[in-house]
*Asks:* 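Please see the structure below; I have some questions.
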Amino acid sequence: MFRIFMNGVSSLVLGGIGFYLLTLDSYFLKGKPDPSYGRLFSGWSLISLATAFFALSVFSAVVAVSWIKGGIPLPPPGTIRPDPSYKGMIILKFWYILAVAAAALILAFYLSQRVANPGM
């Protein structure tokens with residue numbers, strides 16, 4: 001039951017992040033190796049980034065609903081991390097949602113611009 005609850009919460013959080021991104025004009029993501037530069041998401045790149053978050057939100061919700069309806073068995077109780085074959089089964093069952101998320105994320109980074117940090 002806890003896993004279903006956590007998937008529901010993560011779905012709401014990811015959807016909220018996607019909605020928040022859509023309210024912005026642009027979003028700057030600092031670079032890890034060199035914080036003086038980063039990626040600027042605006043326009044279509046920002047919409048694509050929000051779409052990636054929405055797709056991950058849908059994935060999390062669909063997995064939770066499948067657990068509730070019994071379409072996918074819950075992992076054995078007492079295991080914190082299910083074995084890789086279980087994770088692979090979920091990925092294969094809902095690959096089309098993850099493909100949209102991955103394509104939107106790749107497109108978002110492709111369309112974003114590398115710029116100097118405006119805060120420095």
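In what follows, residues are counted from 1 in the order of the sequence shown. Being a predicted model, the structure only gives us computed values, none of them experimental. No hydrogens, no waters, no symmetry mates; every other heavy atom, side chains included, goes into these values.
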*Asks:* Is the distance between the ring centroids of F54 and F19 under 6.0 Å?
*Replies:*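 No, the ring of F54 stays outside the 6.0 Å limit from the ring of F19, centre to centre.
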*Asks:* Would you give the length of the straight line joining atom CD1 of I91 to atom CD1 of I97, rounded to the nearest 0.5 angstrom?
*Replies:*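 Reported value, rounded in 0.5 Å steps: 12.0 Å.
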*Asks:* Could you state whether V63 and Y96 fall into the same hydrophobic cluster, counting links through intermediate Ile, Leu, Val, Met, Phe, Trp or Tyr residues with side-chain heavy atoms under 4.5 angstrom apart?
*Replies:*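 Yes: a chain of side-chain contacts under 4.5 Å links V63 to Y96.
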*Asks:* Enter the distance from R114:CZ to D34:CG here, rounded to the nearest 0.5 Å.
*Replies:*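 Rounded to the nearest 0.5 Å, the CZ-CG separation comes to 6.5 Å.
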*Asks:* Between I68 and M89, is there a shared hydrophobic cluster once you connect ILVMFWY residues whose side-chain heavy atoms come closer than 4.5 Å?
*Replies:*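 Yes, because I68 and M89 connect within a single hydrophobic cluster, where side-chain heavy atoms sit under 4.5 Å apart.
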*Asks:* To the closest 0.5 Å, what do you measure between CG (L49) and OH (Y27)?
*Replies:*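 If I round to the nearest 0.5 Å, the distance is 8.0 Å.
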*Asks:* Using the ring of F28 (Phe, Tyr or Trp, six-membered ring only), decide whether R39 places NZ or CZ under 6.0 Å from its centre and within 45 degrees of its axis.
*Replies:*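 Geometry flag: not set, cation outside 6.0 Å or 45°.
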*Asks:* Are F59 and V65 co-members of a hydrophobic cluster defined by side-chain heavy atoms under 4.5 Å apart?
*Replies:*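 Cluster IDs for V65 and F59 differ.
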*Asks:* Kindly say whether L14 contributes a backbone atom to a donor-acceptor pair with the side chain of S57 at under 3.5 angstrom?
*Replies:*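 Here the side-chain-to-backbone pair does not exist.
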*Asks:* Taking a hydrophobic cluster as the set of Ile, Leu, Val, Met, Phe, Trp and Tyr residues connected by side-chain heavy atoms closer than 4.5 Å, whether directly or through intermediates, do L74 and V62 fall within one such cluster?
*Replies:*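 Linked, L74 and V62 end up in one cluster.
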*Asks:* Quick one: pull up CG in D25 and OG in S42 and give me the separation to the nearest 0.5 Å.
*Replies:*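 These two atoms lie 9.0 Å from each other.
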*Asks:* Are T51 and L107 close enough that some pair of their side-chain heavy atoms sits under 4.5 Å apart?
*Replies:*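 A side-chain contact under 4.5 Å is absent here.
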*Asks:* Shortest non-hydrogen contact from S11 to S60?
*Replies:*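 Where S11 meets S60 most closely, the heavy atoms are N-OG, 3.7 Å.
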*Asks:* Ignoring hydrogens and geometry, is there a side-chain-to-backbone donor-acceptor pair from S48 to S45 under 3.5 Å?
*Replies:*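 It does not hold such a pair.
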*Asks:* Parallel, tilted or perpendicular: which describes the rings of F5 and F2, with under 30° parallel and over 60° perpendicular?
*Replies:*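 Correct class here is tilted.
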*Asks:* Mind running side-chain contact (heavy atoms from CB on, under 4.5 Å) on F109 and L105 for me, showing each step along the way?
*Replies:* CA-CA 6 Å; F109 275 90; L105 189 63; 3.8 Å; yes
*Asks:* Nearest 0.5 angstrom please: L46 CG to L24 CG, how far?
*Replies:*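 Between L46 CG and L24 CG, I get 6.0 Å after rounding to 0.5 Å.
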*Asks:* Got a second to check how far W44's CH2 is from L111's CG, nearest 0.5 Å?
*Replies:*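 Rounded to the nearest 0.5 Å, the CH2-CG separation comes to 10.0 Å.
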*Asks:* Quick one: do F94 and F53 end up in the same hydrophobic cluster if we chain Ile, Leu, Val, Met, Phe, Trp and Tyr together by side-chain heavy atoms under 4.5 Å apart?
*Replies:*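 Yes, F94 connects to F53 through the hydrophobic network.
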*Asks:* Within a radius of less than 6.0 Å around NZ of K87, do more than 12 heavy atoms belonging to other residues, nucleotides or ligands occur?
*Replies:*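 Yes, the 6.0 Å shell around NZ holds more than 12 heavy atoms from other groups.
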*Asks:* When the ring planes of W67 and Y86 are compared, do they come out parallel, tilted or perpendicular, using 30° and 60° as the limits?
*Replies:*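 Answer is parallel, since the angle falls under 30°.
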*Asks:* Short question: side chain of N117, backbone of P35 - any donor-acceptor pair under 3.5 Å?
*Replies:*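 Present.
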